[in-house]
Q: 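Below: one structure in structure tokens.
The figures that follow rest on heavy atoms only: side chains count, while hydrogens, waters and symmetry mates do not. Lettering follows sequence order; numbering is per chain, from 1. These numbers were taken from a predicted model, which means no experiment stands behind them.
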Amino acid sequence: MNYWLLKSEPNVYSFDKLKSEKKGIWDGVRNYQARNNLKAMKKGDLAFFYHSNIGKEIVGIVKIIKESYPDSTSDDLRWVVVEVEPFYTFKKPISLQQIKSDAILQNIGLIKQSRLSVMTIKPEEFDYILAFDN
DNA sequence: GCCAACGTTGGC
DNA sequence: GCCAACGTTGGC
């Protein structure tokens, strides 16, 4: 079981939209490192859903329900998608500011590699962030 | 709107 | 294979 973080601009594709649609295809990734992370995802893995640009906060968790397959929004076979469904909604979203100001989370990918849209989250980071919500 | 931090492209 | 120029992402 691995943990991930997926970024989306909420004005393009928000967590609320995913919830209203019950499941979603994570398409449009055009970066090798992000693509490699998509390929490494297994059914049942969990991922934080982060709103970039607007909100700048982790708003929920999604579950990977279908492993990677070619992205139909590109005719280039290098790119892939996964399918996700809503798994958990944070009672109170975790802001980037909160993550940045936490000594434990200084090495999280969200801070270290701010431009990457699909990244891994260490199990201890996942548990630690989830505990904020209780 | 600006800029830092990348990633990509293309000339050599 | 190097590197300059350019494009993109995302925080501020």
Q: Would you list the pairs meeting salt bridge (Lys or Arg N to Asp or Glu O under 4.0 Å) in which at least one residue belongs to residues 117-129 of chain A, sequence neighbours left out?
A: A:Lys122-A:Glu125
Q: Heavy atoms under 4.0 Å is the rule here; annotate nucleotides 5-12 of chain C 5' to 3' with B where the base is hit, S where only the sugar-phosphate is, and - elsewhere.
A: --BBBBBS
Q: Which atom pairs, donor and acceptor, lie under 3.5 Å between side-chain atoms of residues 25-42 of chain A and protein residues at least two apart or in another chain?
A:
{"from": "A:Arg30", "atom 1": "NH1", "to": "A:Asp71", "atom 2": "OD2", "distance (Å)": "2.9"}
{"from": "A:Arg30", "atom 1": "NH2", "to": "A:Thr73", "atom 2": "O", "distance (Å)": "3.4"}
{"from": "A:Arg30", "atom 1": "NH2", "to": "A:Thr73", "atom 2": "OG1", "distance (Å)": "3.0"}
{"from": "A:Asn31", "atom 1": "OD1", "to": "A:Gln33", "atom 2": "N", "distance (Å)": "3.0"}
{"from": "A:Asn31", "atom 1": "OD1", "to": "A:Ala34", "atom 2": "N", "distance (Å)": "3.0"}
{"from": "A:Tyr32", "atom 1": "OH", "to": "A:Arg78", "atom 2": "NH1", "distance (Å)": "2.3"}
{"from": "A:Gln33", "atom 1": "OE1", "to": "A:Gln113", "atom 2": "NE2", "distance (Å)": "3.2"}
{"from": "A:Arg35", "atom 1": "NH1", "to": "A:Arg78", "atom 2": "O", "distance (Å)": "2.9"}
{"from": "A:Asn36", "atom 1": "ND2", "to": "A:Tyr32", "atom 2": "O", "distance (Å)": "3.4"}
{"from": "A:Asn37", "atom 1": "ND2", "to": "A:Gln33", "atom 2": "O", "distance (Å)": "3.4"}
{"from": "A:Asn37", "atom 1": "ND2", "to": "A:Val118", "atom 2": "O", "distance (Å)": "2.6"}

Q: Based on Watson-Crick and G-U pairs with both distances under 3.5 Å, what dot-bracket line describes DNA chain B 5' to 3', crossing pairs as [ ] and inter-strand pairs as |?
A: ||||||||||||
Q: Taking only residues two or more places apart in sequence, or in another chain, which ones meet A:Lys112 in a side-chain contact (heavy atoms from CB on, under 4.5 Å)?
A: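 Applying side-chain contact (heavy atoms from CB on, under 4.5 Å) to A:Lys112 gives A:Asn107.
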Q: Would you tabulate the side-chain donor-acceptor contacts of residues 6-16 of chain A under 3.5 Å, counting partners in other chains and residues two or more places apart, or write 'none'?
A:
{"from": "A:Lys7", "atom 1": "NZ", "to": "A:Ser114", "atom 2": "O", "distance (Å)": "2.3"}
{"from": "A:Lys7", "atom 1": "NZ", "to": "A:Leu116", "atom 2": "O", "distance (Å)": "3.2"}
{"from": "A:Ser8", "atom 1": "OG", "to": "A:Tyr13", "atom 2": "O", "distance (Å)": "2.6"}
{"from": "A:Glu9", "atom 1": "OE1", "to": "A:Asn53", "atom 2": "ND2", "distance (Å)": "3.4"}
{"from": "A:Ser14", "atom 1": "OG", "to": "A:Lys17", "atom 2": "N", "distance (Å)": "3.1"}

Q: Quick one: side-chain contact (heavy atoms from CB on, under 4.5 Å) partners of A:Tyr128, sequence neighbours excluded?
A: A:Asp102, A:Ile104, A:Leu105, A:Phe132
Q: Holding to side chain to side chain donor-acceptor pair (under 3.5 Å), I want the full list of residues that pass it with A:Lys100, two or more places apart in sequence or in another chain.
A: none
Q: What side-chain donor-acceptor pairs closer than 3.5 Å can you find for residues 55-70 of chain A, not counting sequence neighbours?
A:
{"from": "A:Glu67", "atom 1": "OE2", "to": "A:Lys43", "atom 2": "N", "distance (Å)": "2.9"}
{"from": "A:Tyr69", "atom 1": "OH", "to": "A:Glu83", "atom 2": "OE2", "distance (Å)": "2.5"}

